[in-house]
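See below for the structure under consideration.
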Amino acid sequence: MASWFGQQSITPTPLQQAAETVEIMDGPQLLILEDVTGSGKTEAACILTQRLLASGHGDGLYFALPTMATSNAMYSRLGNLHRRFYTAESTPSFVLAHGARDLNDDFIAAVAAPQPSDLDYTASELSATSRCNQWLADSRKKALLAEVGVGTIDQALMAILPFRHQSLRLYGLARKVLVIDEVHAYDNYMQTLLNQLLSYHARQGGSAILLTATLPRAMRSALMAAWQTGLGQPETKPQKDDFPLLTHVSQGQPLELPLGSRAEVSRSVDVEWLTEEEQAINAVLEAVEAGECIAWVRNTVDDAIRAFEAIAARHPEPEHCLLFHSRFAMVDRQRIESQVIERLGKDSTPEMRKGQVLVSTQVFQESLDCDVDVMISDIAPIDLLIQRAGRLQRHQRGARCLPRLLVLAPPWADDPDEHWLKRTLPGTQAVYRDTSLCWLTQRVLRRLGEIRMPEKARALIEGVYGQVIDDIPDALQQARIEQGSIRKASGSLATFNALNLEDGYIKSDQWQEEQEIGTRLMDEPTINVVLLSLTDDNELALWAGEPSCRYA
């Protein structure tokens with residue numbers, strides 16, 4: 001830990017210790033790491049990856065994440081660490097894979113970096129290593145051929161869909177350790193594709209490591225079953241409900257290893273309830289006056305914009321307010337992402353953090369290494385609230401006030417009507433259409449009064465996603481039935497879209513170029529546009545090429 005991660009004064013977590021000692025078996029390996037936010041899952045995954053590579057279970061790795069923002073953060077986080085998976089004299093290729101990677105300065109600099117180990121080249125010539133790096137980097141379809149890749153999960157899922165160069169992607173993943181972060185964060189369409197990918201990956205002889213803080217039992221069972229199907233083994237159900245937990249699936253009976261938890265990452269956060277937006281705005285301003293930093297995670301972009309404008313208008317230093325969501329142009333989104341990390345990241349100072357306000361959508365809750373003193377969140381399904389609560393004081397910074405989680409939700413009703421959520425948060429109902437999930441979340445949090453991790457992790461998750469159908473009020477049953485049907489339909493569509501490798505590369509309707517098959521199920525069609533701005537000379541210019549306009 002000291003030499004790899006610079007953590008000389010930190011004792012490895014039980015999860016990291018298990019990663020160092022769990023027996024590596026013969027054949028393809030699946031490891032599911034379930035632990036609280038901030039427990040060092042990424043470091044444990046790196047340890048396991050190195051051990052798997054050293055044991056001959058792969059020649060490289062691909063680190064898959066839910067979003068481009070989290071991919072950028074992981075690419076920077078791995079930095080030179082990826083070299084430790086190989087011998088000192090090796091120069092493994094290291095590639096970022098997502099649709100906007102050409103806007104990532106670290107990636108562009110790495111591709112163009114000189115290679116001092118390559119001799120006998122003149123200043124005007126590219127070395128063999130530089131040519132190799134540029135060849136791998138010139139298109140995303142080649143990125144999975146690199147020894148080490150970091151990118152979105154979409155790049156891996158395209159290996160099992162009828163895209164052009166699909167076989168190149170599948171070949172690139174073969175003999176790779178596939179590390180997937182936030183494995184719980186995908187909808188039923190993507191989850192079905194992921195299960196298929198894991199099955200094919202096991203069949204190819206690859207290994208996989210899945211990271212999560214909030215995995216329902218049914219989802220863990222499905223992931224295990226997909227892997228065992230790929231190995232040609234009978235399916236086995238999970239036996240243990242401990243948390244934290246390391247699950248190891250290979251040949252024979254799966255290992256489910258209960259783990260302890262360090263006091264530093266164990267946490268208990270009391271939940272306070274708000275019923276009006278004005279209460280949330282006042283809570284933000286009170287935290288600012290107390291010198292705290294605060295984040296408000298909203299469920300829609302429109303709600304986030306409205307809250308940001310209201311807070312910035314009343315903040316004594318409005319330049320300390322940030323708005324972060326997915327609707328920004330990519331160049332602006334990356335700038336804001338850097339500002340969020342600078343102001344609220346691991347290396348931010350107390351003076352820098354004082355009075356900072358971040359109003360964000362869901363992009364803040366996953367994998368960005370940031371934390372705040374106070375968190376306000378619109379009501380959302382319990383796994384998302386746990387993720388958001390994990391951004392509360394996750395780094396040790398000396399004496400501070402107690403972390404606070406305030407949840408904006410409708411007034412509690414034992415027997416709500418069908419508009420229970422819509423009256424208070426219409427945008428939230430549009431996003432989380434199965435309103436029973438939010439009602440069950442509010443119920444379990446009111447009953448427990450806190451988010452206590454890891455002790456109450458299973459009770460929280462299964463209280464919403466477990467066998468609770470009989471507890472749902474009649475007025476919310478219809479929405480649950482409708483969304484259940486939609487989930488089943490999306491799963492069936494994913495199964496239909498995914499390639500059946502048993503068929504081989506036969507001519508079929510799946511390979512018609514005019515078909516639009518995506519790695520994500522979108523409610524609306526999308527189109528790429530060129531964003532322009534009007535210059536002082538009354539001429540059109542590229543938005544990303546005009547800093548004076550871009551930061552307006």
Side-chain angles (χ1 to χ4, degrees), residues 27-33 45 49 52 57-67 70-71 97-98 140-146 149-212 215 218-233 235 247 249-250 487 490-505 510 517-521:
Q29 319 275 297
L30 172 69
L31 295 114
I32 305 175
L33 311 185
T49 298
L52 287 166
H57 288 286
D59 303 318
L61 69 139
Y62 182 72
F63 212 120
L65 298 110
T67 66
T70 53
S71 301
H98 63 64
R140 295 190 301 277
K141 64 177 177 285
K142 298 177 186 174
L144 297 182
L145 297 175
V150 177
T152 56
I153 184 65
D154 307 77
Q155 302 302 319
L157 294 179
M158 288 171 73
I160 61 164
L161 291 168
F163 286 93
R164 294 180 63 188
H165 310 292
Q166 166 273 335
S167 58
L168 186 67
R169 293 176 183 273
L170 194 62
Y171 175 73
L173 284 175
R175 296 285 300 164
K176 285 279 199 311
V177 177
L178 179 59
V179 185
I180 304 177
D181 199 9
E182 310 287 1
V183 75
H184 60 275
Y186 307 113
D187 60 22
N188 202 50
Y189 179 82
M190 294 185 72
Q191 196 71 44
T192 303
L193 291 179
L194 176 58
N195 291 344
Q196 192 86 308
L197 175 64
L198 289 174
S199 183
Y200 289 166
H201 193 56
R203 188 182 304 185
Q204 287 195 120
S207 292
I209 303 170
L210 313 180
L211 313 181
T212 178
L215 191 66
M219 193 176 293
R220 175 160 52 110
S221 179
L223 293 167
M224 293 171 61
W227 193 262
Q228 290 171 322
T229 298
L231 296 180
Q233 296 179 346
E235 298 178 11
T247 303
V249 186
S250 57
R487 282 193 292 270
S490 65
S492 298
L493 181 61
T495 301
F496 176 78
N497 286 343
L499 294 170
N500 183 357
L501 296 191
E502 300 290 348
D503 292 339
Y505 292 95
Q510 278 191 304
I517 294 177
T519 56
R520 300 178 188 238
L521 196 60

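Residues Leu65 and Glu182 are not in side-chain contact: their nearest non-hydrogen atoms beyond the backbone lie 4.5 Å or more apart. Counting heavy atoms from C-beta outward, Gln196 and Asn500 have side chains that stay 4.5 Å or more apart.
No donor-acceptor distance shorter than 3.5 angstrom exists from the side chain of Gln204 to the backbone of Lys176, with no hydrogens or angles considered. When atom types are taken as modelled, the side chain of Ser199 and the backbone of Asn195 share no donor-acceptor pair closer than 3.5 angstrom. For Gln29 (side chain) and Gly27 (main-chain N/O), a donor-acceptor pair under 3.5 Å exists by modelled atom type. Not a single donor-acceptor pair under 3.5 Å links the side chain of His201 to the backbone N or O of Gly230.
Contact record, Leu145 with Tyr171: CD2-CD2, 3.8 Å, taken as the closest heavy-atom pair. Among all heavy-atom pairs drawn from Gly518 and Tyr189, the shortest one is O-OH, 2.7 Å. Shortest non-hydrogen contact noted between Leu173 and Tyr62 is CD2-CB, 4.2 Å. When every heavy atom of Ile160 is checked against every heavy atom of Gln166, the shortest pair comes out as N-CG, 4.4 Å. The two atoms that bring Ser71 and Val150 nearest to each other are O-CG1, 3.6 Å, heavy atoms only. Counting all heavy atoms, side chain and backbone alike, Ala97 lies closest to Gln155 at O-CG, 3.4 Å.
In this structure, CG on Leu31 lies 9.0 Å from CH2 on Trp227, to the nearest 0.5 angstrom. Note: Phe163 CZ to Asn497 CG = 9.0 Å, rounded to the nearest 0.5 Å. Remark: Leu198 CG to Leu178 CG distance equals 6.5 Å, nearest 0.5 Å. Distance check, rounded to the nearest 0.5 Å: CD of Gln228 to OG of Ser250 gives 9.5 Å. Rounded to the nearest 0.5 Å, atoms CG (Leu211) and CG (Asp181) are 5.0 Å apart.
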Practice problem: Kindly indicate, with the supporting measurements, whether the criterion side-chain contact (heavy atoms from CB on, under 4.5 Å) is fulfilled by Arg169 and Leu157. | Solution: CA-CA 9 Å; Arg169 293 176 183 273; Leu157 294 179; over 6 Å; no

Practice problem: Please report the C-alpha distance between Thr519 and Tyr186 in whole Å, then the side-chain angles of each, then the deciding distance to 0.1 Å, and finally whether the side-chain contact (heavy atoms from CB on, under 4.5 Å) criterion is met. | Solution: CA-CA 11 Å; Thr519 56; Tyr186 307 113; over 6 Å; no

Exercise. Check step by step if side-chain contact (heavy atoms from CB on, under 4.5 Å) holds for Leu170 and Leu499.
Key: CA-CA 11 Å; Leu170 194 62; Leu499 294 170; over 6 Å; no

Self-check item: Stepwise side-chain contact (heavy atoms from CB on, under 4.5 Å) test for Leu30 and Leu231
Solution: CA-CA 11 Å; Leu30 172 69; Leu231 296 180; over 6 Å; no

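When the options Ile32, Leu210, Leu33, Thr247 are evaluated for a side-chain contact (heavy atoms from CB on, under 4.5 Å) with Leu215, the one that passes is Ile32. Only one option out of Asp187, Leu194, Leu193 pairs with Gln191 in a side-chain contact (heavy atoms from CB on, under 4.5 Å); it is Leu194.
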